[in-house]
*Asks:* 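Can you read through this structure? Questions will come right after.
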Amino acid sequence: MSDHSGLPSVRWSLRGLTDEGDEAWLIRGISRKLYRCPGCHGEIEIGAEHTIVQYVRRLGGTEHHHWHRRCAEELLIPELGKVKRIPAGESSQGKLEARGRRKSGQRRR
Ligand SMILES: [Zn+2]
């Protein structure tokens, strides 16, 4: 088992860094429509618990994808650096989009 205590849940999200230095936030979600998982190209059924991966780009901007929980765990999380648990309230869509609007370097400490 890894040391970041598992997958995103109702209470916890995960945040890691990509090779490019972008933030990748992993958030628990319930699908409201059919999604296709970028990991296995399979479908994620409506109503399924899955992992939303929201990227916050180093140079600004956000982008998200929907992954099967297991695919995210096996394929995505191992690629990320510095994976940490973050309280889920910090990973709301609005907060992450606000982060993406600020360029790095203008961020307050
Ligand atoms: Zn998948």
Side-chain angles (χ1 to χ4, degrees):
M1 289 296 282
S2 47
D3 62 359
H4 50 68
S5 307
L7 288 161
S9 65
V10 175
R11 296 187 55 192
W12 296 99
S13 297
L14 300 175
R15 186 186 67 200
L17 287 177
T18 68
D19 286 348
E20 291 81 32
D22 299 329
E23 294 176 352
W25 292 72
L26 282 71
I27 303 154
R28 174 192 172 274
I30 301 293
S31 45
R32 278 180 249 154
K33 55 180 197 172
L34 207 61
Y35 295 113
R36 196 163 289 277
C37 169
C40 66
H41 306 289
E43 287 177 350
I44 301 169
E45 286 175 24
I46 296 168
E49 188 177 36
H50 67 288
T51 299
I52 300 165
V53 181
Q54 174 97 44
Y55 293 100
V56 179
R57 301 292 179 202
R58 192 165 52 90
L59 300 175
T62 57
E63 185 187 335
H64 72 275
H65 302 278
H66 298 264
W67 286 69
H68 289 120
R69 287 168 70 81
R70 191 157 166 195
C71 293
E73 183 180 26
E74 291 179 356
L75 301 173
L76 188 66
I77 293 174
E79 304 271 294
L80 298 174
K82 297 185 186 167
V83 177
K84 275 174 61 167
R85 280 203 313 179
I86 308 281
E90 294 301 307
S91 65
S92 69
Q93 186 91 10
K95 282 190 184 179
L96 296 187
E97 282 172 6
R99 275 174 97 84
R101 281 196 289 274
R102 269 182 276 168
K103 287 184 189 161
S104 62
Q106 294 177 336
R107 232 171 243 165
R108 290 199 196 154
R109 297 199 311 135

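Note that the structure is predicted; figures quoted are calculated from it, not measured.
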*Asks:* Give me the atom names and distance for the closest heavy-atom approach of V56 to L96.
*Replies:*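 Closest approach of V56 to L96: CG2-O, 4.0 Å.
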*Asks:* State, to 0.1 Å, how close R85 and L14 come at their nearest heavy-atom pair, and which atoms those are.
*Replies:*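 Between these two residues, the closest heavy atoms are CG-CD2, 3.7 Å.
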*Asks:* Is there a donor-acceptor contact under 3.5 Å from the side chain of R58 to the main chain of E20?
*Replies:*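 At least one qualifying donor-acceptor pair exists.
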*Asks:* Check whether any side-chain heavy atom of T51 sits under 4.5 Å from a side-chain heavy atom of L76, and report yes or no.
*Replies:*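 A side-chain contact under 4.5 Å is absent here.
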*Asks:* Would you indicate whether the side-chain heavy atoms of K95 and E90 approach each other to under 4.5 Å?
*Replies:*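 E90 vs K95: side chains touch.
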*Asks:* Decide side chain to side chain contact (heavy atoms under 4.5 Å, CB included) for I86 and W12; before the verdict, give the C-alpha distance in whole Å, the side-chain angles of both, and the deciding distance to 0.1 Å.
*Replies:* CA-CA 6 Å; I86 308 281; W12 296 99; 5.7 Å; no
*Asks:* Can you check side chain to side chain contact (heavy atoms under 4.5 Å, CB included) on I77 and L7, steps first, answer last?
*Replies:* CA-CA 9 Å; I77 293 174; L7 288 161; 4.0 Å; yes
*Asks:* Working to the nearest 0.5 angstrom, can you tell me the gap between L26 CG and S9 OG?
*Replies:*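 Rounded to the nearest 0.5 Å, the CG-OG separation comes to 12.0 Å.
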*Asks:* Quick one: list whatever passes side chain to side chain contact (heavy atoms under 4.5 Å, CB included) with L75, sequence neighbours left out.
*Replies:*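 Residues passing side chain to side chain contact (heavy atoms under 4.5 Å, CB included) with L75: W67, C71.
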*Asks:* Are H66 and H50 linked by a side-chain donor-acceptor pair shorter than 3.5 Å?
*Replies:*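 Distance-only check passes for H66 and H50.
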*Asks:* Under a 4.5 Å cut-off applied to non-hydrogen side-chain atoms, are R32 and I46 in contact?
*Replies:*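 Not touching, per the 4.5 Å side-chain cut-off.
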*Asks:* Considering all heavy atoms of both residues, which atom of A24 and which atom of T18 are nearest to each other, and what is their separation?
*Replies:*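 What the structure gives for the nearest pair is CB-CG2, 4.3 Å.
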*Asks:* Taking atom CD1 of I44 and atom CD1 of I52, what is their separation to the nearest 0.5 Å?
*Replies:*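 Answer for the CD1-CD1 pair, I44 versus I52, is 9.5 Å.
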*Asks:* Look at E23 together with R57 and state whether they make a salt bridge at an N to O cut-off of under 4.0 Å.
*Replies:*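 No.
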*Asks:* Going through the distances and angles, do H68 and C40 end up as a side chain to side chain contact (heavy atoms under 4.5 Å, CB included)?
*Replies:* CA-CA 8 Å; H68 289 120; C40 66; 3.3 Å; yes
*Asks:* Hey, are the side chains of W25 and V53 touching, using non-hydrogen atoms and a 4.5 Å cut-off?
*Replies:*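 Sidechains of V53 and W25: no contact.
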*Asks:* Specify the closest pair of heavy atoms between P8 and I27, including all atoms of both residues, with the distance to one decimal.
*Replies:*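 Where P8 meets I27 most closely, the heavy atoms are CB-C, 3.8 Å.
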*Asks:* Can you list every pair that meets salt bridge (charged side-chain N to carboxylate O under 4.0 Å, His left out) and has a residue in residues 37-51, with sequence neighbours left out?
*Replies:*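 Matches after skipping sequence neighbours: R28-E49, R36-E43, E49-R69.
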*Asks:* Please test T62 against Q54 for side chain to side chain contact (heavy atoms under 4.5 Å, CB included), starting from the C-alpha separation and ending with a verdict.
*Replies:* CA-CA 7 Å; T62 57; Q54 174 97 44; 3.2 Å; yes
